[in-house]
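Residues: numbered from 1 along the sequence shown. What you see is a predicted model; the values in this text were computed from it and never measured. Note that ligands are numbered from 1 as they come in the structure, with each ligand's atoms numbered from 1 the same way.
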Amino acid sequence: MIIVLKANATKKQVDHVVEKIKALGLKAMVSRGVERTIIGVIGPEDALRVQPLEVFPGVEKVLPVLKPYKLVSREFKPEGSVIDVGGVKIGGKGLVLMAGPCSVEGRQMLMTTAKAVKQAGAQVLRGGAFKPRTSPYSFQGLGEEGLKYLRDVGQATGMKVVTELMDVRHIALVEKYADIVQIGARNMQNFELLKEAGQSQKPVLLKRGLSATITEFLLAAEYIVSQGNFNVILCERGIRSFEEQTRFTLDLAAVPVIKKLSHLPIIVDPSHGTGLWDYVEPMAKAAVAAGADGLMIEVHPNPETALSDGPQSLLPERFAGLVREVRKVAKSVGRTL
Ligand code: PEP
Ligand code: MN
């Protein structure tokens, strides 16, 4: 259930409604928007039947939420969320570009890549230190050593950094070095990890599961938000289908669908979504045209020798070319880059 307050409701009136909800044994989550305040009620709503909140001063209307997710729903925050990562705003008019290697392989390669992607227009450096690999014999990432390189290179180049958290036991470690904590596709329904990330002070980048429906994706985000962390950025990265020409099937329709259903920002990862570098630019352009709030792109100084995802990684100069092309699309849909 969602309680919409009147535009002129006072703080005292809002607090009074919150107290009442709590007294009924329910949880109240307050969203203070530019226009008005909205309160999400979590818990068995039957309790509210004996206490009609419509009559409370300051309350405009009480809406039942028929969807299974509440706090991430558009109804809860009609104007949309803008997430501020130390000055980098995600979800506003400006697009965010996250770029970097699939895996952090060493300090030098990370520095070379970071300087190039920053120069081209990226604001966030990506790179995995804990890698979810299909084979246990593949490169698993440098662990804390990789996190240190990421933080150092991020600071040296003036970029924010995003890296994947795979295990609840590593949360404090990853939070220490990262500006954004990534939860990968394979962990989208690792509910303990989601709950832990919901307790974090850091923004979370949540990638869509390999075979997750949009409802399951939004419910995974609801796990994080219901723990109090509203700073969630969604990422469409392709889903499994019968098609074999591309590594995954990039579901760009998910972008306008999620924009309609949720207030959370959504970015697109055309690197994992296609699996092949020459499809990355067209799908990046299409993603921005579809309304994505940004892109996550894999870039490697020498894709042939990459320890993971070489075939989908762009050379730095190709990334710069992609940004030039994406800029034109951004302008045509009223976004800035
Ligand atoms: C990644 O971004 O490094 C990654 C492993 O992506 P995904 O979880 O989408 O496969
Ligand atoms: Mn990768």
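Ligand 1 lies within reach of Gln182, whose nearest heavy atom is under 4.0 Å from it.
In this model, no donor atom of one side chain and acceptor atom of the other lie less than 3.5 Å apart for His170 and Glu144. Counting only N and O atoms by type, the side chains of His263 and Glu75 include no donor and acceptor under 3.5 Å apart. Side-chain N/O atoms of Ser103 and Ser308 include a donor and acceptor closer than 3.5 Å. In the model, Gln312 has a side-chain atom that pairs as donor or acceptor with a side-chain atom of Asp309 under 3.5 Å.
At the top of the distance list for atom 6 (O) of ligand 1, counting protein heavy atoms only, stands Lys207 NZ, 2.9 Å. For atom 3 (O) of ligand 1, the closest non-hydrogen atom on the protein side is Arg126 NH2, 2.8 Å. Of all protein heavy atoms, the one lying nearest to atom 4 (C) of ligand 1 is His272 NE2, 3.5 Å. Scanning the protein for heavy atoms near atom 9 (O) of ligand 1, the closest one is Arg237 NE, 2.5 Å.
Polar contact check, Gly184 against ligand 1: no nitrogen or oxygen pair lies under 3.5 Å apart.
Remark: Arg237 qualifies as a cation-pi partner of Phe248 under the 6.0 Å distance and 45° angle criteria applied to the six-membered ring.
Rounding to the nearest 0.5 Å gives a distance of 5.0 Å between CD1 of Ile258 and CG of Leu218.
The pair Glu236-Lys207 does not count as a salt bridge, with every side-chain nitrogen at least 4.0 angstrom from each carboxylate oxygen.
Atoms of ligand 1 found under 4.0 Å from any heavy atom of Ala185 (numbered from 1 in listed order, with element): 7 (P), 8 (O), 9 (O). With ligand atoms numbered from 1 in the order given, ligand 1 contributes 3 (O) to contacts under 4.0 Å with heavy atoms of Lys131.
The NE2 atom of His272 and the OE2 atom of Glu298 meet at the Mn ion (ligand 2) at an angle of about 90°, given to 10°.
With respect to the Mn ion (ligand 2), Asp309 has OD2 as its nearest N, O or S atom.
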